[in-house]
Amino acid sequence: MAVIMDGKALAAKVKEEVRAEAAAMTKKPGLAVVLVGDDPASQVYAAGKKRDCQQCGIYSEEYVLPAASTQEELLELLHALNDSTSVDGILLQLPLPAHIDEGTVLRAIDPAKDVDGFHPYNMGRLMEGNAAVAPCTPGGVMRFLQEYGVDPKGKLCTVVGRSNIVGKPMALLLMQAHGTVTICHTKTPDLKACCLGADILVAAVGRPGLITGDMVKDGAVVIDVGTTRDRDGVLRGDVDFPSVEPKASYITPVPGGVGPVTRAILLENVLRAARSRGKK
Ligand code: NAP
């Protein structure tokens with residue numbers, strides 16, 4: 001029987017730490033959330049972030065631009081937010097409408113306010129092993145490991161998925177923590193063998209149930225980043241929980257695992273950004 005890693009409890013702990021730190025500051029940390037269009041999922045995420053900020057004493061602003069807004073209009077808003085003294089972190093909710101170039105607008109965010117850690121400057125710092133902020137999801141996974149006393153040092157780690165926002169930064173963070181890391185993707189010839197070798201297995205794919213019990217080593221730590229809504233609206237992870245849980249030593253559930261911790265780490269990143277911008 002695996003230990004179920006409790007994301008809700010860990011998120012509450014991180015949020016309480018942020019709340020206490022923010023309360024002791026004379027100037028409130030501030031987050032601006034920017035949405036373009038009316039994607040319902042993005043609206044739900046943005047509302048959740050606003051609530052999180054309220055709970056933790058972080059000032060927040062929300063901007064919703066119409067889907068037809070031009071790239072120039074979005075850039076204008078981002079430049080204004082870069083100049084704002086009350087805003088320490090800017091979160092641009094993805095995905096963006098197709099006529100807006102994601103790379104161009106993400107690069108327009110001041111790296112000092114890039115609380116998602118997606119700006120090439122911050123990605124470069126992460127690559128150097130010197131990140132000011134790590135992207136929230138992989139940062140949340142590292143916090144999970146720390147919380148449950150799982151040290152990647154000397155461990156074989158497999159990350160399934162190589163996206164810029166999860167897989168790649170995840171692999172870098174595990175390597176920086178002295179794990180020996182294998183990264184898998186759609187062109188990996190023998191996914192099962194790569195997963196079976198792992199002491200720590202992180203699935204960040206978006207294919208419900210891809211990782212099954214026969215792909216997992218006895219006693220492995222299994223972190224499920226995947227979140228896919230099925231036809232019934234149920235959130236499903238990449239890990240087939242019923243077959244994997246009996247083999248794992250630790251496992252994150254979906255929902256209630258990595259998701260809430262990711263949200264909490266965003267708040268921590270806002271606090272860090274505020275401090276590095278001189279707020280005390
Ligand atoms: P993504 O950009 O679509 O990347 C998915 C990765 O998985 C790609 O590298 C892809 O390989 C790989 N992949 C797809 N099918 C595969 C297969 N059958 N075997 C091996 N590798 C496969 O997705 P993402 O943004 O990284 O997100 C991944 C998942 O995490 C999604 O479910 C997303 O919703 C979830 N997520 C959750 C949180 C959270 O807070 N819990 C945050 C972010 C993302 P190629 O590169 O070869 O295409």
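Quantities reported herein were computed from a predicted structural model and do not represent experimental measurements. When a ligand or atom number is given, it counts from 1 through the structure's own listing order. Throughout, residue positions are numbered sequentially from 1 according to the sequence presented.
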Min N/O separation Thr262 to ligand 1 under 3.5 Å
yes

Give me the nearest non-hydrogen protein atom to atom 24 (P) of ligand 1 as residue plus atom name, then the distance to 0.1 Å.
Ser163 OG, 3.7 Å

Hey, which atoms in ligand 1 end up nearer than 4.0 Å to a heavy atom of Gly206?
29 (C), 31 (C), 32 (O)

Hey, is Arg263 touching ligand 1 through its side chain, its backbone, both or neither, going by heavy atoms under 4.0 Å?
neither

Does any part of the side chain of Leu266, heavy atoms only, come nearer than 4.5 Å to the side chain of Arg263, both counted from C-beta?
no

Asp116 (side chain) donor-acceptor with Leu91 (main chain) under 3.5 angstrom
no

Any side-chain to backbone donor/acceptor pair from Asn82 onto Asp110? Under 3.5 Å, distance only.
yes

Of all protein heavy atoms, the one nearest atom 18 (N) of ligand 1 is Leu210 CD1, 3.9 Å

Residues which pass salt bridge (charged side-chain N to carboxylate O under 4.0 Å, His left out) with Glu16, listed by chain and number, not counting sequence neighbours
Arg19

Is Thr227 in contact with ligand 1, taking contact as a heavy-atom separation below 4.0 Å?
yes

Between Asp224, Val225, Val261, Thr186, which one has a non-hydrogen atom sitting closest to atom 41 (N) of ligand 1?
Val225

Near Lys247 NZ, under 6.0 Å, is it more than 12 heavy atoms from other residues, nucleotides or ligands?
yes

Give me the nearest non-hydrogen protein atom to atom 21 (N) of ligand 1 as residue plus atom name, then the distance to 0.1 Å.
His185 C, 3.3 Å

Shortest non-hydrogen separation from Thr104 to Gln71 and the atoms involved
CG2-NE2, 3.5 Å

Test item, Ala204 contacting ligand 1 (heavy atom, 4.0 angstrom):
yes

Starting from atom 9 (O) of ligand 1, which protein heavy atom do you reach first, and at what distance in Å?
Arg162 N, 2.8 Å

Are the side chain of His119 and the backbone of Arg107 linked by a donor-acceptor contact shorter than 3.5 Å?
yes

For ligand 1, does Val205 get within less than 4.0 Å through its side chain, its backbone, both, or neither, judged by non-hydrogen atoms?
both

For Arg207, counting its heavy atoms only, list the atoms of ligand 1 lying under 4.0 Å from any of them.
14 (C), 15 (N)

Among protein heavy atoms, which sits nearest to atom 44 (C) of ligand 1, and what does the distance come to when rounded to 0.1 Å?
Val166 CG2, 3.9 Å

To the nearest 0.1 Å, how far is atom 42 (C) of ligand 1 from its closest protein heavy atom, and which atom is that?
Thr137 OG1, 3.0 Å

How far is atom 6 (C) of ligand 1 from its nearest protein heavy atom, and which residue and atom is that?
Gly161 CA, 3.6 Å

Lys280 and Lys27, any side-chain heavy atoms less than 4.5 Å apart
no

One finds that the ligand 1 atoms under 4.0 Å from a non-hydrogen atom of Gly259 are 40 (O), 41 (N)

Identify the closest protein heavy atom to atom 25 (O) of ligand 1: which residue and atom is it, and at what distance?
Ile165 CD1, 3.5 Å

Specify the closest pair of heavy atoms between Leu78 and Ala108, including all atoms of both residues, with the distance to one decimal.
CD1-CB, 4.4 Å

Under 3.5 Å, is there a donor-acceptor pair between the Gln146 and Tyr148 side chains?
no

Relative to ligand 1, is Asp238 under 4.0 angstrom through side chain, backbone, both or neither, heavy atoms considered?
neither

Looking only at the side chains, is there a donor atom on one of Gln43 and Tyr45 sitting less than 3.5 Å from an acceptor on the other?
no

